[in-house]
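Each remark here refers to the structure printed beneath this line.
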Amino acid sequence: MSSTKASERYNAPVREKHWQKVWEERGTFRTEERSRKPKRYQLEMFPYPSGRIHMGHVRNYTLGDVIARYMRAKGYNVLHPMGWDAFGLPAENAAIERKVHPAKWTYENIDTMRAQLKAMGLSLDWSREFATCDPNYYVHQQRLFLDFLKKKLAYRGPAKVNWDPVDQTVLANEQVIDGRGWRSGAAVEQRELTQWFFKITAYADELLRALDGFGGKWPDFVRTQQRNWIGRSSGASMKFALEGGKLPKKLATLEVFTTRHDTIFGASFMAISPEHPLSTHLAAKNKDLAAFIEECRKIGTSEEALAKAEKKGFDTGILAVHPFEPDVKLPVYVANFIVMGYGTGAIFGCPAHDQRDLDFARKYGRPVIPVVLPPGADRATFAISDEAYDGDGTLINSKFLDGLGIEAAKDKIASLLEERGIGARKVNYRLRDWLISRQRYWGCPIPVIHCETDGIVPVPLDQLPVTLPKDVAFDKPGNPLDHHPTWKHVTCPKCGQPAVRETDTMDTFVDSSWYQFRYTAPKAKTPTDKRALQYWVPVDQYIGGKEHAVLHLLYARFFTRGMKATRHVAIDEPFASVFTQGIVVHETYQSENGDWLMPSEVRIEGEGAQRKATSIATGRPVTIGPIEKMSKSRKNVVDPDDIIAHYGADTARLFIVSDSPPDRDITWTEASVAGAGRQIQRISRLIDQVAERRAPKPNGSPPSLGPEAEELRRTAHKALNTVSQSIEGLRYNVGVAQIYELTHAIQAALDKSVDKSGDGLDWAIREAAELLVQLVGPMVPHLAEDCWERLGYNTLLADQPWPEPDPALLVDDQITIAVQVNGKRRDELIISRSASKADIEAAALKLESVTRALQGKPVTRVIVVPQRIVNVVA
RNA sequence: GCGGACGUGGCGGAAUAGGUAGACGCACAGGACUUAAAAUCCUGAGAAGCGAAAGCUUCGUGAGGGUUCGACUCCCUCCGUCCGCACCA
């Protein structure tokens, strides 16, 4: 490059700090409190303050920031807040392992991470920041809890937990490894505790039905997974009389829930859960059964473990009488794959038409009677081997049901059950109530008091918040709140007698179930502020990880309904639109002795099959492993700070938005980051060259333009159109590709025209360059701001309205369409956009390439799709 | 085990109301600039084959089948990878 200025490198780290200061000083991203503008609530899932931000955060917040900045430019009053999901298990682990108080650990992490996020140049309104561990936040959550309690949306009930007998503590499923506590190594037991629940099942049907209205706004997979999670199934309850043992009256009939009551004549056994009252009753007098149940307990509480376990049963010797064939008696087993939490915790087994039942029947030698004949199958020869048949068909071997279809048979059985009073049509849900009790310190205290005389007493509102004691010890096993010397001892607010506080804290999913509302009025004296809510909710676009597809998003949906029932909000659904991003993945590296190495500790040479890695520290060879999700355990992490310090935040941001579609996983590679860094420099240089031209600012209507200038304008306006659409559709990678094409076009124009006047090229270059700067603004905001200044403006780019494309420049008069012969492309045709079918056909048939491909065969048909394609069929 | 998604050159990806597959970028090769290197710019390229060249032919979107004038796109079967499974967040 000829000029000295144009060859100067853009010093991103320095300029980024400058612009961040300018934005902060001017309060550029402060949300307007009172505004006539339309609102836009842009939210990304807030982070858990684990220590330092990771690339997943960088991705999440970059994706959101692009929209937030774009919407701001589009004239919206944007709410784009940030806070901290600050309660949770890792803080307590740190307390145990490093003897740091959870609060200290958490707030130090928050300080670190806040500084890191600020270095990313996000357009956040930091004045609304809060942490969920702050009593100013959780006081409102306690109030919500009490309101839920009043409405019976919160209640106490029994639940099974993983109990570590050595650590005297409840374990999370992820803390149970192969049936043992992760810290103590002790065999984990199951204990039944009285726990707090939220009554999410009260809204099961509503939560399910509302999903239908999310089409196009929520990812389909999230909707499907939530549907499956709620798991509505309509079937029937059915009572079986029991024989063969002295059973108390309550246990003498066994009720099951089934969705396949049509297959009742194929029933060959009964199975009940190890936790079923009948199991417990029988085990009291049967040591072998008690041992079996004990064995089942060791499988754990997770559904996954239960499903993977080998199916086992224990014959109780009790028999169940078939409701429609009194002579048929079915043995009752206790089986490890029957879950107490679903239906009634008991089933009848029909091996021919259910795979699990079939596996069980084969194992325990129960008969397999087919009762549904597949269409076209021969009744005489149809048999079940090792695969159950769960398809459609006609009933056989089923007395009065024979010949009926499945639905008709279900209907008949259900009617009979109801007539005889031994069952009924029933809708069942897989969804269970939300267990919110946690026997942990670092969570929101549940604000109730247990009194011997008055029972459960809510803490009076004027005594909220119930704050966590600061002086806690983590050296003893168990819940620190429980063995704190004074904290739990209080007087009953009702009778004044000594009483104890609830020492359970809330699941941290509660904290994140309503934070989206708190941002709209973070300092309000009540949980929410009506006026602020009215303007801001719902969240217009929520962005976060796929792993939250069910739990977090479903809980927040439930909580919103609960808050509506308790008059804290007026809407049902918190998130109008949801987007789930992919994860950030990276290669893994292992030294000879199997230790994992960080990417920064490895030197890579060569490429393809020749690619080799060595340890920088030792010079020894390193094995390059598969590409996996970035994780501390695999050490395949790249610290965002290092990237920002070296290349600048814009490079990290550009890397995030180029190439990979936001919803797919993105592979972090050093080469691609360096590539993004080069693009930053390229744009910077380009703008310098344009600025040096001192071309007129493109105010008013364009001068008369030569063909090159006209072409450049078309390219620029098409890019503007594509980029706008790509941002709105969260397909940034497509927009970035357009931006690169635009930079090429501008560069080519710059190289072409020197001192030529009258063709308006300088004018077009100037216009294209300004558009380019505006288009990259949401993605690489610091660079864009810098370029805007270099183009001679003393305004902030962040305050500029988003440009509008000239529609006339978006459509070409001449277009190229493909010409096929028998479906194979043989040529192309440049033709007027408005060409008729006949014109296109005639033009195509005249082509020599078409004649040649036809090889003299007569044309039978010509398919013409105007503006797209012509296909000559011979 | 159950539920859900994804699969396109060496790599990330583009093209979906079924209509020119491989835009754009990375890596690579050649060239320009340079004493040299870095940086930068230009050019090339899916694979195989034919041709001196312009160019032409065939094959190609995880595998196999189907629908269609035409399939990355729709349907069926299979394979692989990833995510969730209720106390991680």
Side-chain angles (χ1 to χ4, degrees), chain A residues 1 7 9 45 47-48 50 85 87-90 159 161-162 170-176 195 219-222 224-225 227-229 231 301-309 311 337 341 355-356 431-440 507-509 512 545-552 554-555 580 582-583 585 607-609 626 628-629 658-661 663-667 669 671-672 674-676 678-679 681-682 685 731 733-734 736-741 744 747 751 816-828 852 860-863 865 867-874:
Chain A
M1 292 303 114
S7 62
R9 280 184 70 79
M45 291 179 184
Y48 177 77
S50 54
D85 190 11
F87 275 136
L89 214 41
V161 297
N162 298 307
V170 176
L171 296 179
N173 282 331
E174 71 156 16
Q175 296 175 317
V176 181
Q195 303 271 275
D220 283 342
F221 88 93
V222 175
T224 314
Q225 286 193 184
R227 276 194 198 103
N228 292 341
W229 188 260
T301 57
S302 89
E303 196 166 280
E304 184 186 3
L306 284 170
K308 277 185 184 161
K311 283 154 201 64
F337 61 95
Q355 192 60 45
R356 281 185 313 183
L431 183 70
R432 311 198 295 257
D433 275 336
W434 176 10
L435 170 64
I436 62 154
S437 279
R438 298 290 182 271
Q439 288 69 43
R440 315 205 183 279
D507 178 4
T508 56
F509 271 127
S512 55
K546 289 179 163 69
E547 64 277 16
H548 293 296
V550 178
L551 293 181
H552 163 57
L554 191 64
Y555 290 150
T580 53
I583 57 174
V585 296
E607 63 177 272
E628 293 181 38
K629 178 177 180 169
S658 8
D659 292 352
S660 288
D663 59 339
R664 233 187 271 182
D665 292 352
I666 184 171
T667 310
T669 65
S672 287
R678 279 197 293 277
Q679 292 293 348
Q681 296 297 335
R682 206 167 284 163
R685 268 196 313 275
R731 293 157 40 80
N733 54 319
V734 180
V736 171
Q738 278 300 306
I739 285 171
Y740 290 160
E741 286 194 50
H744 291 320
Q747 187 67 56
D751 294 346
T816 306
I817 65 170
V819 180
Q820 296 181 336
V821 175
N822 288 328
K824 282 194 178 171
R825 194 193 77 95
R826 293 297 172 181
D827 208 339
E828 53 189 31
R852 180 152 32 94
T860 56
R861 221 177 134 189
V862 180
I863 290 145
V865 184
Q867 298 176 33
R868 294 228 181 239
I869 204 163
V870 49
N871 187 11
V872 180
V873 185

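Lettering follows sequence order; numbering is per chain, from 1.
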Contact class for [X] vs. all strands (heavy atom < 4.0 Å): base, sugar-phosphate, or nothing?
| X | answer |
| --- | --- |
| A/K308 | base |
| A/V161 | base |
| A/F337 | nothing |
| A/D220 | nothing |
| A/E304 | base |
| A/W434 | nothing |
| A/S50 | nothing |
| A/S302 | sugar-phosphate |
| A/P661 | sugar-phosphate |
| A/R731 | sugar-phosphate |
| A/L89 | sugar-phosphate |
| A/L435 | base |
| A/H744 | sugar-phosphate |
| A/V550 | nothing |

Nucleotide nearest [X] (side chain, heavy atoms from C-beta), chosen from [options]:
| X | options | value |
| --- | --- | --- |
| A/R685 | B/C41, B/C87, B/U20 | B/C41 |
| A/F221 | B/A14, B/G4, B/C83 | B/G4 |
| A/T816 | B/A27, B/U20, B/G70 | B/U20 |
| A/N871 | B/G13, B/G19, B/C88 | B/G19 |
| A/A671 | B/G4, B/G1, B/A27 | B/A27 |
| A/Q225 | B/C26, B/A15, B/G4 | B/G4 |
| A/W229 | B/C85, B/G19, B/A21 | B/C85 |
| A/V170 | B/A89, B/C87, B/U20 | B/C87 |

Is any N or O donor-acceptor pair between the side chain of [X] and the base of [N] shorter than 3.5 Å?
| X | N | value |
| --- | --- | --- |
| A/R440 | B/C87 | yes |
| A/E303 | B/C85 | no |
| A/D659 | B/G12 | yes |
| A/Q195 | B/C87 | yes |
| A/Q439 | B/C87 | yes |
| A/Q820 | B/G19 | yes |

**Item:** Short side-chain to backbone donor-acceptor contact, A/S512 and A/F509, under 3.5 Å
**Value:** yes
**Request:** Mark yes or no for whether A/N871, through its side chain, and A/G823, through its backbone, hold a donor-acceptor pair below 3.5 Å.
**Result:** yes
**Message:** Please classify B/G46 as syn or anti, treating any glycosidic angle within 90° of 0 as syn.
**Reply:**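 Here the answer is anti: the torsion falls beyond 90° from 0.
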Please measure how far the [atom1] atom in [N] lies from the corresponding atom in [M], and state the result in whole Å.
| N | M | atom1 | result |
| --- | --- | --- | --- |
| B/U20 | B/G70 | C1' | 12 Å |
| B/G49 | B/G44 | P | 22 Å |
| B/U73 | B/G7 | C1' | 14 Å |

If you compare every side-chain N and O of [X] against the phosphate oxygens of [N] (OP1, OP2), does one of them come in below 4.0 Å?
| X | N | value |
| --- | --- | --- |
| A/R826 | B/U20 | no |
| A/R432 | B/A86 | no |
| A/K824 | B/C59 | yes |
| A/S658 | B/G25 | no |
| A/R356 | B/G1 | no |

Rounded to the nearest angstrom, tell me the gap between atom [atom1] in [X] and atom [atom2] in [N].
| X | N | atom1 | atom2 | value |
| --- | --- | --- | --- | --- |
| A/Q867 | B/U20 | CD | C1' | 15 Å |
| A/N173 | B/C87 | CG | C1' | 6 Å |
| A/K629 | B/C82 | NZ | P | 13 Å |
| A/L171 | B/C88 | CG | P | 10 Å |
| A/K546 | B/C88 | NZ | P | 21 Å |

Are side-chain heavy atoms of [X] and [Y] found at a separation under 4.5 Å?
| X | Y | answer |
| --- | --- | --- |
| A/I869 | A/Q820 | yes |
| A/T508 | A/Y48 | no |
| A/V862 | A/V873 | no |
| A/L431 | A/L554 | yes |
| A/S658 | A/N733 | no |
| A/F87 | A/R440 | no |
| A/I666 | A/R664 | no |
| A/V819 | A/V870 | yes |

**Asked** Pairs counted as Watson-Crick or G-U wobble with both distances under 3.5 Å: what dot-bracket string results for RNA chain B, using | for bases tied to another strand?
**Response** (((((((..(((......[....))).(((((.......))))).(((((....)))))..(((((..]....))))))))))))....
**Prompt:** A/N822 or A/A674: which one's nearest nucleotide on RNA chain B is closer to the 5' end?
**Reply:**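 It is A/A674 whose nearest nucleotide is closer to the 5' end.
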**Message:** On RNA chain B, does the nearest nucleotide to A/F87 precede the nearest nucleotide to A/R852 from the 5' side, or the other way round? Give the residue.
**Reply:** A/R852
**Prompt:** Atom CZ of A/R227 and atom CG of A/D220: how far apart are they, to the nearest 0.5 Å?
**Reply:**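 If I round to the nearest 0.5 Å, the distance is 8.0 Å.
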